[in-house]
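In what follows, chains are A, B, ... by sequence order, proteins preceding strands, each numbered from 1. Atom set for the values below is all heavy atoms of this structure, side chains included, hydrogens, waters and symmetry mates excluded.
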Amino acid sequence: MLATAHRLRRHGDFTSAVRAGQRAGRATLVVHLRHGEADAPPRAGFVVSRAVGGAVTRNRVRRRLRHLVRDRIDQLPAGSMLVVRALPAAATATYVQLAEDLAAALRSAVRKTEAAAR
RNA sequence: CGAGUCGACCGGGCGGCCGCGUCGACGGGGUGUGCCCCGUCGCCGAGGAACGUCCGGACUCCGUAGGGCAGGGUGGUUGUUAACGGCAACCCGGGGCGACCCGCGGGAAAGUGCCACAGAAAACAGACCGCCGGUCGGCACAGCCGGCCGGUAAGGGUGAAACGGUGGAGUAAGAGCCCACCAGCACCCCGGGUGACCGGGGUGGCUCGGUAAACCCCACCCGGAGCAAGGCCAAGAAGGGCCGCCACUUCGGUGGCGGUCCGCGCAGGCGCUCGAGGGCGGCCCGUCCGAUGCCUGCGGGUAGGCCGCUAGAGCCUGUCGGCGACGGCAGGCCGAGAUGGAUGGCCGCCCGUCGCGUGCCGGCAACGGCGCGCGGCGACAGAAUCCGGCGUACAGGUCGACUCGUCCG
RNA sequence: UCGGCCGUGGUGUAAUUGGCAACACUCAGGGCUUUGGUCCCUGCUUUCCAGGUUCGAGUCCUGGCGGCCGAG
């Protein structure tokens with residue numbers, strides 16, 4: 001589990017991040033990134049639906065994503081809200097594939113967010 | 001050695017780097033003195049099915065749970081258990097040479113319904129083709145054919161199923177009409193068993209279809225809801241939450257209208273023991289609650305945290321009782337409690353197994369054994385209040401008991 | 001946690017108390033037509049699966065599998 005300060009914990013946080021944030025997709029996942037208060041720490045949450053697989057598969061996907069996000073959480077702008085949504089392809093993807101997709105999607109989302117802020 | 005039956009169990013191991021959760025200790029910081037945050041260390045941290053949610057309970061609330069009807073469930077017997085639709089042993093029926101396996105296994109002489117097609121007839125009696133007797137008529141007259149009346153149910157064919165079976169006696173033809181044996185039914189007696197039931201004997205009518213996973217009858221059981229149960233605290237007298245529609249929008253939202261929800265407020269009405277109203281899953285009886293109440297209308301909240309929350313019908317070992325399920329006693333152990341949801345991520349080695357290549361050994365050969373290298377695969381599946389079962393999914397493996405067949409001693 | 005509904009040709013639906021699995025559209029093949037359309041003929045089913053009751057099961061019973069919906 002991520003530290004409480006780095007987690008999205010309310011349903012409203014998820015919906016606002018997904019609706020208002022910049023979206024960037026890859027084969028295995030989609031990320032939503034939204035700017036927030038500058039003095040708050042960056043926060044992240046995960047969405048892994050039943051379409052991905054059974055409980056065991058969903059747990060594995062979420063744990064891998066969590067470990068990947070943990071290494072990158074400090075590189076995110078302060079106060080940003082991140083939601084990582086797993087797609088069905090994530091069930092069969094390797095750890096390396098997931099890492100590449102997440103890094104690429106995050107780069108794209110950050111670029112869009114900075115462009116929108118200007 | 002081969003084929004098979006039953007039961008019990010395991011369900012990857014070791015290590016490295018980086019992480020997470022509960023609890024405890026220590027240190028630091030904050031504070032409303034309840035506690036909270038950060039760091040370090042330590043203990044523990046998914047399953048045999050955690051699954052499906054098919055039963056049964058614990059627990060909590062509602063508040064009485066009384067009777068009848070209705071409804072639902074169970075269905076051999078005796079046990080076992082907190083309880084069960086589970087389990088054990090036994091009985092009965094069926095299958096297997098056998099170890100053993102399978103069975104929603106009460107009642108069809110309480111009643112009702114149904115049994116398509118075929119067939120004369122499908123449930124209680126009857127008679128289509130037949131067989132036999134009488135009578136009438138016809139003819140080519142020891143006889144044959146047809147009509148009518150009567151007797152009969154042996155033979156025929158249909159069907160899943162046809163009113164006991166075989167043989168004899170008997171008759172005009174026949175028939176449990178009678179006889180012998182057999183099958184089966186009811187009742188009685190004796191013996192065994194707690195019982196389901198089993199064994200033996202006798203009597204009787206002579207024979208009785210199936211279906212209750214059709215209605216139904218009988219016996220027994222069932223109050224309702226479920227941890228989002230439920231409890232405590234905080235916030236809140238504010239135009240709030242949710243849903244739908246419309247308008248505007250920088251697409252994030254904002255505004256309007258309507259509906260709905262609610263410990264509250266306002267107004268009106270009813271009522272305060274001659275009682276409004278309500279509860280008892282549905283109906284009736286009956287019974288209980290009830291005045292800080294109830295009904296209607298208008299205005300109109302909250303939904304955040306903590307507890308419940310993990311020590312229990314608990315697990316292991318030994319021993320005693322019991323065929324067994326299980327129970328008694330003694331000793332020891334503590335084994336997850338998350339809340340957008342921890343129990344992990346990456347890598348290496350080993351192990352098992354399969355494939356390919358290769359070396360050695362055996363063999364004429366197919367091939368087998370041992371070793372090395374590379375590669376693939378290693379299942380089903382993730383706690384959400386807890387427990388006892390059932391059902392279902394599952395790579396591979398271990399142990400024990402037993403049966404049958406073959407060979408050797 | 002609790003409750004409800006459904007599963008039949010490729011698709012959408014029928015099938016009285018248990019008794020011949022039916023209809024429409026689509027698709028494939030053939031015929032008709034110069035070609036296409038129309039029309040005609042033929043074909044396409046383990047009634048989700050496995051057991052059971054029954055002479056006989058899409059229907060009744062039991063257990064699974066899959067899908068959909070609802071409540072707090």
How close or far is atom [atom2] of [N] from atom [atom1] of [X], stated in whole angstroms?
X: Leu65(A); N: G341(B); atom1: CG; atom2: P; value: 12 Å
X: Arg64(A); N: G344(B); atom1: CZ; atom2: C1'; value: 11 Å
X: Arg58(A); N: A338(B); atom1: CZ; atom2: C1'; value: 16 Å
X: Leu98(A); N: G345(B); atom1: CG; atom2: C1'; value: 12 Å
X: Phe46(A); N: G345(B); atom1: CZ; atom2: P; value: 14 Å
X: Leu68(A); N: C18(B); atom1: CG; atom2: P; value: 18 Å
X: His67(A); N: C17(B); atom1: NE2; atom2: P; value: 16 Å
X: Arg70(A); N: C17(B); atom1: CZ; atom2: P; value: 18 Å

Taking only residues two or more places apart in sequence, or in another chain, which ones meet [X] in a side-chain contact (heavy atoms from CB on, under 4.5 Å)?
X: Arg64(A); value: Arg60(A), Tyr95(A), Leu98(A)
X: Leu87(A); value: Val30(A)
X: Ala55(A); value: Arg58(A)
X: Ala27(A); value: Asp101(A)

Euclidean distance for [atom1], [N] against [M] (whole angstrom):
N: A219(B); M: G107(B); atom1: C1'; result: 11 Å
N: A311(B); M: G337(B); atom1: P; result: 8 Å
N: G52(C); M: U392(B); atom1: P; result: 15 Å
N: G106(B); M: U77(B); atom1: C1'; result: 12 Å
N: C43(B); M: G15(B); atom1: P; result: 14 Å
N: G94(B); M: U53(C); atom1: C1'; result: 16 Å
N: C266(B); M: C306(B); atom1: C1'; result: 36 Å

Could you let me know what [N] is paired to, Watson-Crick or G-U wobble, both distances under 3.5 Å, or none if it's on its own?
N: G143(B); value: C139(B)
N: G297(B); value: C266(B)
N: C360(B); value: G369(B)
N: C129(B); value: G155(B)
N: G111(B); value: C215(B)
N: C27(C); value: G43(C)
N: G21(B); value: C44(B)
N: C309(B); value: none

Considering heavy-atom distances to RNA chain B, does Val47(A) or Tyr95(A) have its closest nucleotide positioned more toward the 5' end?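 Checking each residue's closest nucleotide, the 5'-ward one belongs to Val47(A).
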
Closest-nucleotide 5' rank along RNA chain B - winner of Arg62(A) and Thr57(A):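 Here Arg62(A) is the residue nearer the 5' end.
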
Taking all atoms of both residues into account, what is the closest heavy-atom pair of Thr57(A) and Ala91(A), and its distance?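 That would be CG2-CB, 3.7 Å.
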
Where do Ala90(A) and Val61(A) come nearest, in terms of heavy atoms and distance?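 Minimum heavy-atom contact is O-CG2, 3.8 Å.
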
Let me see the working for Val31(A) and Val83(A) under side-chain contact (heavy atoms from CB on, under 4.5 Å), right down to the final yes or no. CA-CA 6 Å; Val31(A) 301; Val83(A) 168; over 6 Å; no

Would the distance check show the side chain of Gln97(A) and the main-chain N or O of Thr94(A) forming a donor-acceptor pair, the cut-off being under 3.5 Å?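 At least one qualifying donor-acceptor pair exists.
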
side-chain N/O Arg60(A) vs G382(B) OP1/OP2, d < 4.0 Å: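 False: Arg60(A) side-chain N/O out of range (4.0 Å or more) of G382(B) OP1/OP2.
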
Using a cut-off of strictly less than 4.0 Å, decide whether Arg66(A) has a side-chain nitrogen or oxygen near OP1 or OP2 of U343(B).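 The answer is yes; a side-chain N or O of Arg66(A) sits under 4.0 Å from OP1 or OP2.
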
Tell me which nucleotide among G340(B), A342(B), G382(B) gets nearest to the side chain of Ala55(A).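 The listed nucleotide nearest to Ala55(A)'s side chain is G382(B).
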
Roughly how far, to the nearest 0.5 Å, is [atom2] of [Y] from [atom1] of [X]?
X: Thr28(A); Y: Leu102(A); atom1: OG1; atom2: CG; result: 8.5 Å
X: Arg72(A); Y: His67(A); atom1: CZ; atom2: NE2; result: 13.0 Å
X: His32(A); Y: Leu82(A); atom1: NE2; atom2: CG; result: 9.5 Å

Scan Arg63(A) against the nucleic acid and name what it touches under 4.0 Å (heavy atoms): base, sugar-phosphate only, or nothing.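 Counting heavy atoms under 4.0 Å across all strands, the contact made by Arg63(A) includes a base.
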
Please enumerate all protein N or O atoms sitting under 3.5 Å from an N or O of nucleotides 49-53 of chain B, with distances to 0.1 Å.
none

Under 3.5 Å, which protein N or O atoms sit close to an N or O of nucleotides 65-67 of chain C? Give each pair with its distance.
none

